[in-house]
Amino acid sequence: MPPPVTGPAVDAHAHVFHQGLALADTRRHTPDYDATLAQYLGLLDAHGLSHGVLVQPSFLGTDNSHLVEALRAAPARLRGVAVVDPAIDDAALRALATAGVVGIRLNLIGLTLPDLTAPAWRHLLDRINALDWHVELHLQAARLADILPALLRAGCRVVVDHFGRPDPALGVADPGFQYLLRQAASGQVWVKLSAPYRNWSGPACATSGREAARQLLNACGPARLMWGSDWPHTEHRHLASYPAATQWLDDWIDDPAQRRAVLADTPLRLFQFQGDSQ
């Protein structure tokens, strides 16, 4: 049985929103429920977690105003990952940074990959690096090799969502997942151990998630891994809950030193929670 959470601990992936917010014209999902900041902070408290990272949901597009409002409500406890247009101006980026944003997300599920060599994207990535932010990638493992090299060449730190999204039928044998493992040598790639239900269903959610976590630990080490609840588990609420998400982590990692790194040391540093690494 893993030890209880003591000291700082970070949920590195969650979303907050409510009905009535302006939604992106192009979206895969329209939630019919609220996931409020008060609910989320209550879940952190109930599970002994000191900090959380709020990720802009895809259905809100590049309007990060609700994310910023949430970050400002709990500035010592929360950090954010925004979605931005590559043409965003410097003042808007600085405003996001002041609010607690520490990265941008490229959610490319179902979308054409952007040309990161285009001038607007190159300029954005330069500014992201200057802010000491990271780039979060969400796309299928099979597509990682088509975009990750450009981000690494640009000098970006890259966080890959949800185990890298291997093909459900292939699991850890997915060549894209194996490619992700090899990128550990770059020293620029982190992976979130989160949302196994987005990759596998039924019993495979536990068994394949455990094997994927094992291989990621072997390849990346705990200094490049983080855990996230993926609350409120959009489109998968029938398969997941916050207690289940914490129990999956217990199943994946039981070594106390590795758990401390994944839950505290690594995310506290990457997401710039200053002064909270002890």
Side-chain angles (χ1 to χ4, degrees), residues 10-17 21 24 27-29 35 37 40-41 44 49 51-86 88 92-109 111 114 116 121 124-125 127-139 147-148 151 154 156-165 188-195 198 224-234 245 262-263 266-274 276:
V10 182
D11 174 357
H13 195 104
H15 312 281
V16 294
F17 50 85
L21 292 171
R27 59 186 183 274
R28 302 187 314 275
H29 176 60
L37 178 61
Y40 180 59
L41 294 177
L44 293 182
L49 297 160
H51 299 82
V53 178
L54 299 179
V55 178
Q56 172 78 343
S58 61
F59 49 80
L60 294 183
T62 60
D63 180 357
N64 297 284
S65 55
H66 187 65
L67 172 68
V68 165
E69 181 182 348
L71 297 177
R72 287 175 174 165
R77 198 170 189 188
L78 300 175
R79 293 293 182 268
V81 178
V83 174
V84 303
D85 187 281
I88 187 173
L93 280 178
R94 287 194 299 270
L96 290 173
T98 299
V101 169
V102 293
I104 65 167
R105 191 187 202 202
L106 300 181
N107 187 338
L108 301 172
I109 298 291
L111 299 178
L116 299 183
W121 278 105
L124 175 63
L125 296 179
R127 292 183 291 159
I128 294 306
N129 291 340
L131 288 167
D132 200 26
W133 287 8
H134 65 274
V135 177
E136 180 176 308
L137 274 182
H138 183 210
L139 78 170
I147 193 168
L148 190 52
L151 291 170
C156 298
R157 293 178 298 168
V158 181
V159 175
V160 178
D161 274 348
H162 307 328
F163 291 89
R165 295 299 304 266
Q188 294 172 242
V189 177
W190 286 253
V191 182
K192 289 184 181 179
L193 304 178
S194 57
R198 298 191 186 276
R224 291 289 184 271
L225 300 179
M226 297 165 291
W227 168 82
S229 68
D230 193 38
W231 186 83
H233 326 290
T234 55
V262 170
L263 270 176
T266 299
L268 287 170
R269 183 166 49 250
L270 180 69
F271 296 113
Q272 304 178 33
F273 288 107
Q274 309 299 346
D276 291 318

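Quick note: residue numbers are just sequence positions, from 1.
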Query raised in the report: Under the ring-ring contact (aromatic ring centres under 6.0 Å, His included) test, which residues partner H134, sequence neighbours left out?
Result: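 Listed in chain order: F271.
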
Requested in this report: Name all residues meeting the ring-ring contact (aromatic ring centres under 6.0 Å, His included) criterion together with F17; count only those two or more places apart in sequence or in a different chain, and write none if there are none.
Outcome: Y33, F59

Any heavy-atom pair between the side chains of [Y] and [X] that's under 4.5 Å?
{"X": "H162", "Y": "D230", "value": "yes"}
{"X": "L96", "Y": "N64", "value": "yes"}
{"X": "W190", "Y": "V160", "value": "no"}
{"X": "H51", "Y": "L268", "value": "yes"}
{"X": "L54", "Y": "V81", "value": "no"}
{"X": "L124", "Y": "L93", "value": "yes"}
{"X": "P114", "Y": "L108", "value": "yes"}
{"X": "R77", "Y": "L44", "value": "yes"}

Between the side chain of [X] and the main-chain N/O of [Y], is any donor-acceptor distance below 3.5 Å?
{"X": "R72", "Y": "G100", "value": "no"}
{"X": "W133", "Y": "V101", "value": "yes"}
{"X": "Q188", "Y": "C156", "value": "yes"}
{"X": "Q56", "Y": "G61", "value": "yes"}
{"X": "R79", "Y": "Q272", "value": "yes"}
{"X": "N129", "Y": "A154", "value": "yes"}

Taking every non-hydrogen atom, the tightest pair across [X] and [Y]:
{"X": "A97", "Y": "L131", "result": "CB-CD2, 4.3 Å"}
{"X": "A70", "Y": "L37", "result": "O-CD2, 3.7 Å"}
{"X": "G52", "Y": "F273", "result": "O-CZ, 3.6 Å"}
{"X": "Y40", "Y": "A14", "result": "CE1-CB, 3.4 Å"}

Report summary line: T266 meets the side-chain hydrogen bond (donor to acceptor under 3.5 Å, both in side chains) criterion, sequence neighbours left out, with none

Judged by modelled atom types alone, do [X] and [Y] share a side-chain donor-acceptor pair under 3.5 Å?
{"X": "T234", "Y": "R198", "answer": "yes"}
{"X": "H13", "Y": "S194", "answer": "no"}
{"X": "D11", "Y": "S229", "answer": "yes"}

Query - Counterpart residues, salt bridge (charged side-chain N to carboxylate O under 4.0 Å, His left out), relative to D132 (two or more places apart) - result: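 Listed in chain order: R157.
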
Report task. Could you tell me which residues satisfy salt bridge (charged side-chain N to carboxylate O under 4.0 Å, His left out) with D161, sequence neighbours excluded, listed by chain and number? Result -> R105, K192

Query raised in the report: Which residue pairs pass the salt bridge (Lys or Arg N to Asp or Glu O under 4.0 Å) test when at least one of the two sits in residues 54-71, sequence neighbours left out?
Result: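 The answer is none; no pair qualifies.
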
**Report entry** Option passing side-chain contact (heavy atoms from CB on, under 4.5 Å) with L78 (candidates V53, L41, L67, V16)
**Finding:**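 When side-chain contact (heavy atoms from CB on, under 4.5 Å) is applied between L78 and each of V53, L41, L67, V16, only L41 qualifies.
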
Requested in this report: Kindly compute the distance separating CH2 (W121) from CG (L116), expressed to the nearest 0.5 Å.
Outcome: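 Rounded to the nearest 0.5 Å, the CH2-CG separation comes out at 6.5 Å.
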
Report task. Begin from the C-alpha positions of L111 and I109 and carry the test side chain to side chain contact (heavy atoms under 4.5 Å, CB included) through to its verdict. Result -> CA-CA 6 Å; L111 299 178; I109 298 291; over 6 Å; no

Report task. Please test V135 against V159 for side chain to side chain contact (heavy atoms under 4.5 Å, CB included), starting from the C-alpha separation and ending with a verdict. Result -> CA-CA 6 Å; V135 177; V159 175; over 6 Å; no

Query - Test log, rule side chain to side chain contact (heavy atoms under 4.5 Å, CB included), inputs M226 and V10 - result: CA-CA 8 Å; M226 297 165 291; V10 182; over 6 Å; no

Report task. Check step by step if side chain to side chain contact (heavy atoms under 4.5 Å, CB included) holds for L137 and I147. Result -> CA-CA 9 Å; L137 274 182; I147 193 168; 4.0 Å; yes

